[in-house]
Amino acid sequence: MRKLIISELKKMLKSKFHLSLLIFVIVMMVVQVVREDYRAVNAYDPDLQFSTFDGEPLNTNRDLYVYADQIYSQYEGTVNEELWQRFMDDYNHLYAEFTKDENIDAVKMTNFYGEDWKALFERNEQQKLTDKDHQLLQRLNESNADYVSVVYDELSGQEPDQYLLKTFYKDESSLNTLNLIYRGSTDLLQEEPLLSDKSPQQNPWNYPLYCLLHPQTMLIDQLNLSYSENGIPSHQQTNLQLYAEKQLSQPQTYGSMIPARLFVRHMQSNTMITIVILAILFANTFAIEKSTKMDQLIVATKAGYTRITIAKTLANLLIAAVLYLILNLIAFLFTVSTVPLHGFDLPVIPQLNWVLNMFSMPYLSYRQLIISLFSLQCVAIVAITFTASLLSCLTKNRFITILILFSILFIPPLLYPFLDVPEWLSSLSIINYVNLGDLYLFFTSNARLFDPILSNGIWVKDLVWIFWLFFAVLASIGMLIHAKYHIVTTK
């Protein structure tokens, strides 16, 4: 059997087309990771510049990851009031240093507000703006809302004679980095300048340390832990909510989540492309014998069609497994070449979310998330291998196999937003192998999966594993029966 499997592997990899598909997946993985890691930090806002607190420029996302990891690592430890106070004190001290009056950039202030900018700021503070001031500030507000914002009176609902005005500093790039790391955003015009217990109330996800310090009010109430049938958040208690409350009631730890978060992000790169390529690759498993008339000779060989069928399926499974291992190795190597690996026991909560955008699941650790993601990738390997092999075995036609596989891959996701389907049918869509890399579907309460945990404590992701293993067994039996009674035609 080993020789048969090796023979099938050679046959598969000997094809320049097949080999080019596999190389394409690996190259696309590298391109995707490099594009994300080496993208300019200010790619979406060229006016923003970033640098270390000492003034060294941070040009790429990779530079920012390294520096942010160093800063967050200073706060490793058990979450408590003392750690949060130290976090606030460090920020406020650095903010005071960067925003001294002598650090105001007079040139930028003049270019933006005009030569009379000092008097303008005084009149704005005293709420004695002139008509000319209003015209200027309204015009600046329309073109630069992040720099000039209208202040509304919450009681009267009217606009008072005052605006929120941005002050430009010489250390603006360092200040941007400070705000991004400590406060999760560079746009703080609407917030109090100094960090306090009130700061997280407006945008809690920008302050993960404070959220972990007050999980019941800042996390449980903010997470979408229950959905109704039409996908609207409800107050109905779910098993996920019970699980989250139990996990978050325990002492929490904090530190740099950058390495673990970066590794997860890299692991998720090009999941769809990999599935599509494997579908195309495996569609030719049995069709090639039919097209070359080799199936007529196989029947008469000592190995027989049954053993050849087993060898082909195992060869496909091996190719898929090795490909995923290579992709995960690439993810691992790029991560460790950027930052040292640590923080895998920390909760999955946003950190540096402006760049490393990912949903929040603080009731899980990054270690749990990475193991689950790898497990779901293994499910995807089993799913696509046995689905493609079975269809190729039954149809002996590459085009028909690809057509059916692509229909399964793409038609349900395209039609789902436009169809009013029952909740149970919507939930079944998660077994589609195109969804197996979507962690959001399996670990949060969402419109497709009302509760990812069953009443007996079993996660739905584990049932998906059981489903595809059961399918693999049925597919294997079907292919073996088909091979045993295989009839060769000479047409």
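These numbers come from a predicted model, not from an experiment.
When only modelled atom types and interatomic distance are considered, Q32 and R35 share a side-chain donor-acceptor pair under 3.5 Å. Residues Y65 and R261 bring no donor and acceptor atom of their side chains to less than 3.5 Å of each other. If you check the side chains of D131 and Q135, you find no donor sitting under 3.5 Å from an acceptor. Under 3.5 Å, the side chains of T130 and D133 contain a donor-acceptor pair of N or O atoms. For the residue pair N239/D451, the side-chain donor-acceptor check at 3.5 Å is satisfied. For T78 and T253, the side-chain atoms include no donor-acceptor pair closer than 3.5 Å. Q351 and Y254 form a side-chain donor-acceptor contact under 3.5 Å, judged by distance and modelled atom types alone. Side-chain atoms of T385 and N316 include no donor-acceptor pair closer than 3.5 Å.
When atom types are taken as modelled, the side chain of N80 and the backbone of E82 share a donor-acceptor pair closer than 3.5 angstrom. Put simply, the side chain of D69 never gets that close to the backbone of V339: no donor and acceptor are under 3.5 Å apart. With hydrogens and angles disregarded, no donor-acceptor distance shorter than 3.5 Å links the side chain of N59 to the backbone of V41. Of the possible polar contacts, none joining the N141 side chain to the L137 backbone as a donor-acceptor pair under 3.5 Å is found. Distance alone, capped at 3.5 Å, is enough to place a donor-acceptor pair between the N42 side chain and the L48 backbone. At least one donor-acceptor pair under 3.5 Å links the side chain of Q252 to the backbone N or O of Q247.
With contacts defined as side-chain heavy-atom distances shorter than 4.5 Å, the pair F442/P452 does not qualify. By the 4.5 Å heavy-atom criterion applied to side chains, T177 and T52 are not counted as neighbours. Side-chain contact between L212 and I349 is present, with at least one heavy-atom pair separated by less than 4.5 Å. Here the side chains of R183 and L188 are in contact, with some heavy-atom distance below 4.5 Å. Residues I273 and I277 have side chains in contact (heavy-atom distance under 4.5 Å, counting atoms from C-beta outward). Put simply, the side chain of L323 reaches to within 4.5 Å of the side chain of L22, judged on heavy atoms. Between Y72 and Y67, the closest side-chain pair of non-hydrogen atoms is not below 4.5 Å. Contact annotation: the side chain of E191 approaches that of N203 to within less than 4.5 Å [non-hydrogen atoms, C-beta and beyond].
A salt bridge does not link E142 to R139: none of the charged side-chain nitrogens sits closer than 4.0 Å to a carboxylate oxygen. Comment: K198 does not engage E192 in a salt bridge, judged by the lack of any side-chain N to carboxylate O separation of less than 4.0 angstrom.
Within a 6.0 Å radius of CD in Q126, more than 12 heavy atoms belonging to other residues, nucleotides or ligands are found. Counting heavy atoms of neighbouring residues, nucleotides and ligands inside a 6.0 Å radius, atom CZ of F467 exceeds 12 of them. Environment of CD in Q250: crowded, with over 12 heavy atoms of neighbouring residues, nucleotides or ligands closer than 6.0 Å. By the 6.0 Å contact criterion, CD on E76 is enclosed, its count of non-hydrogen atoms from other residues, nucleotides or ligands being greater than 12.
The CE atom of M88 sits 9.0 Å away from the CG atom of L209 when rounded to the nearest 0.5 Å. Taken from CZ in F334 to OG in S269, the straight-line distance is 10.0 Å, to the nearest 0.5 Å. In this structure, CE in M361 is found 9.0 Å from OG in S372, a value given to the nearest 0.5 Å.
Ring planes of Y113 and F121: perpendicular class, angle over 60° (limits at 30 and 60°). A perpendicular orientation is assigned to the rings of F168 and Y147, their planes being inclined by more than 60° (bins at 30° and 60°).
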I'd like a table of donor-acceptor pairs (distance under 3.5 Å, sequence neighbours excluded) in which one partner is a side-chain atom from residues 375-384, with atom names and distances.
{"from": "S375", "atom 1": "OG", "to": "W465", "atom 2": "NE1", "distance (Å)": "2.5"}
{"from": "Q377", "atom 1": "OE1", "to": "N328", "atom 2": "ND2", "distance (Å)": "2.8"}
{"from": "Q377", "atom 1": "NE2", "to": "M267", "atom 2": "O", "distance (Å)": "3.3"}

| message | Working note: I181 + Y91, criterion side-chain contact (heavy atoms from CB on, under 4.5 Å); need CA distance, chi angles, decisive distance, verdict. | response | CA-CA 10 Å; I181 291 177; Y91 170 84; over 6 Å; no

| message | Please determine whether salt bridge (charged side-chain N to carboxylate O under 4.0 Å, His left out) holds for the pair R367 and D345, giving the CA-CA distance in whole Å, both sets of side-chain angles, and the decisive distance to 0.1 Å. | response | CA-CA 6 Å; R367 188 183 306 278; D345 292 320; 2.8 Å; yes

| query | Does the pair T60 and D63 meet the rule for a side chain to side chain donor-acceptor pair (under 3.5 Å), with working shown? | reply | CA-CA 5 Å; T60 66; D63 297 335; 3.2 Å; yes

| said: For D116 and R123: C-alpha separation, side-chain torsions, deciding distance, then whether salt bridge (charged side-chain N to carboxylate O under 4.0 Å, His left out) applies. | reply: CA-CA 11 Å; D116 192 32; R123 291 193 296 271; 3.2 Å; yes

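Remark: F87 pairs with Y75, W84, Y182 by the ring pair (Phe, Tyr, Trp, His ring centres under 6.0 Å) rule, at least two apart or across chains. Under the ring pair (Phe, Tyr, Trp, His ring centres under 6.0 Å) criterion, W117 pairs with no residue at all, not counting sequence neighbours.
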